[in-house]
Amino acid sequence: MNEPGNFNQRVYHIVAAIPEGRVTTYGEVARLAGSPRAARQVGGVLRRLPEGSRLPWHRVVNRHGGISLQGEDFQRQRQALLSEGILFGPDSAIDLSRFGWKG
DNA sequence: ACCGTGACCCTCG
DNA sequence: ACGAGGGCCACGG
């Protein structure tokens with residue numbers, strides 16, 4: 001079991017399954033992938049997505065419901081989420097109890 | 001096979 | 001309640 005590159009594949013699969021208009025966290029993806037302590041790695045996978053990937057990477061946020069990207073990438077993710085009807089609170093964070101995958 | 005890296009998260013003061 | 005500090009661990013070079 002657990003062949004090389006499996007983590008990547010699992011992450012792809014899980015992220016691809018996040019419904020439009022919903023978000024989940026790096027930690028949750030890591031848990032679903034079977035490596036609860038590899039939240040950081042999830043970010044690593046998404047960072048190196050092949051250009052032109054159709055994976056909805058923007059639906060993954062940090063545990064506070066905030067965007068972990070910086071500068072231009074921050075704006076791109078924010079825009080993508082807004083265009084799906086996801087709202088940001090006064091603290092610039094998404095209410096996970098409302099827009100989280102499980103809801 | 002080792003080593004740096006980091007789109008995170010938990011634990012303590 | 002909150003911030004700094006450090007552990008974590010799969011990946012690529």
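No experiment lies behind these values; they were computed from the predicted model shown. Below, chain A is the first sequence line, B the second, and so on; all start at residue 1.
dC9(C) atom P lies 17 Å from atom CG of N6(A), rounded to whole Å. Atom C1' of nucleotide dA7(B) and atom CD of Q75(A) are separated by 15 Å, given to the nearest angstrom. Separating the CZ atom of R37(A) from the P atom of dG6(C) is a distance of 18 Å, rounded to the nearest angstrom. Rounded to a whole Å, the CZ atom of R76(A) is 12 Å from the C1' atom of dA7(B). The CG atom of L81(A) sits 13 Å away from the C1' atom of dA7(B) (whole-angstrom rounding). We find that CD1 of I14(A) is positioned 20 Å from P of dA7(B), with the value rounded to whole Å. In this structure, the OH atom of Y12(A) is 11 Å from the C1' atom of dC11(C), given to the nearest Å. Protein atom CG of N62(A) is 7 Å distant from nucleotide atom P of dC8(B), rounded to whole Å.
Distances from the side chain of W57(A) to the nucleotides dA10(C), dA7(B), dC9(C) place dA7(B) closest. Comparing atom distances between the A38(A) side chain and each of dC11(C), dC9(C), dA7(B) picks out dC9(C) as nearest. Of the candidates dC11(C), dC8(C), dC9(B), the closest approach to any side-chain atom of R63(A) belongs to dC9(B).
Every side chain to side chain donor-acceptor pair (under 3.5 Å) that N62(A) has, sequence neighbours left out, goes to S68(A). Contacts of Q77(A) classified as side chain to side chain donor-acceptor pair (under 3.5 Å), with partners at least two apart in sequence or in another chain: none.
An OP1 or OP2 oxygen of dC8(B) is reached within less than 4.0 angstrom by a side-chain nitrogen or oxygen of S68(A). A sub-4.0 Å separation between OP1 or OP2 of dA10(C) and a side-chain N or O of S35(A) is present.
Within 4.0 Å of R47(A), counting heavy atoms only, lies at least one base atom of the nucleic acid. Within the nucleic acid shown, N8(A) comes within 4.0 Å of sugar-phosphate atoms alone, with no base atom in reach, counting heavy atoms only. Among the protein residues, G44(A) comes within range of no part of the nucleic acid, since none of its heavy atoms lies under 4.0 Å from any strand.
Distance check: I86(A) CD1 to R78(A) CZ gives 12.0 Å after rounding to the nearest 0.5 Å.
In terms of position along DNA chain C, the nucleotide closest to R40(A) lies nearer the 5' end than the nucleotide closest to the other residue of the pair V45(A) and R40(A).
Side-chain N/O atoms of H58(A) and Q79(A) include no donor and acceptor closer than 3.5 Å.
You'll find a donor-acceptor pair under 3.5 Å spanning the side chain of Q41(A) and the base of dC9(C), going by distance alone. Judged by distance alone with a 3.5 Å cut-off, no donor-acceptor contact links the side chain of R48(A) to the base of dG6(B).
In this structure a side-chain-to-backbone donor-acceptor pair under 3.5 Å is missing from S35(A) to A38(A).
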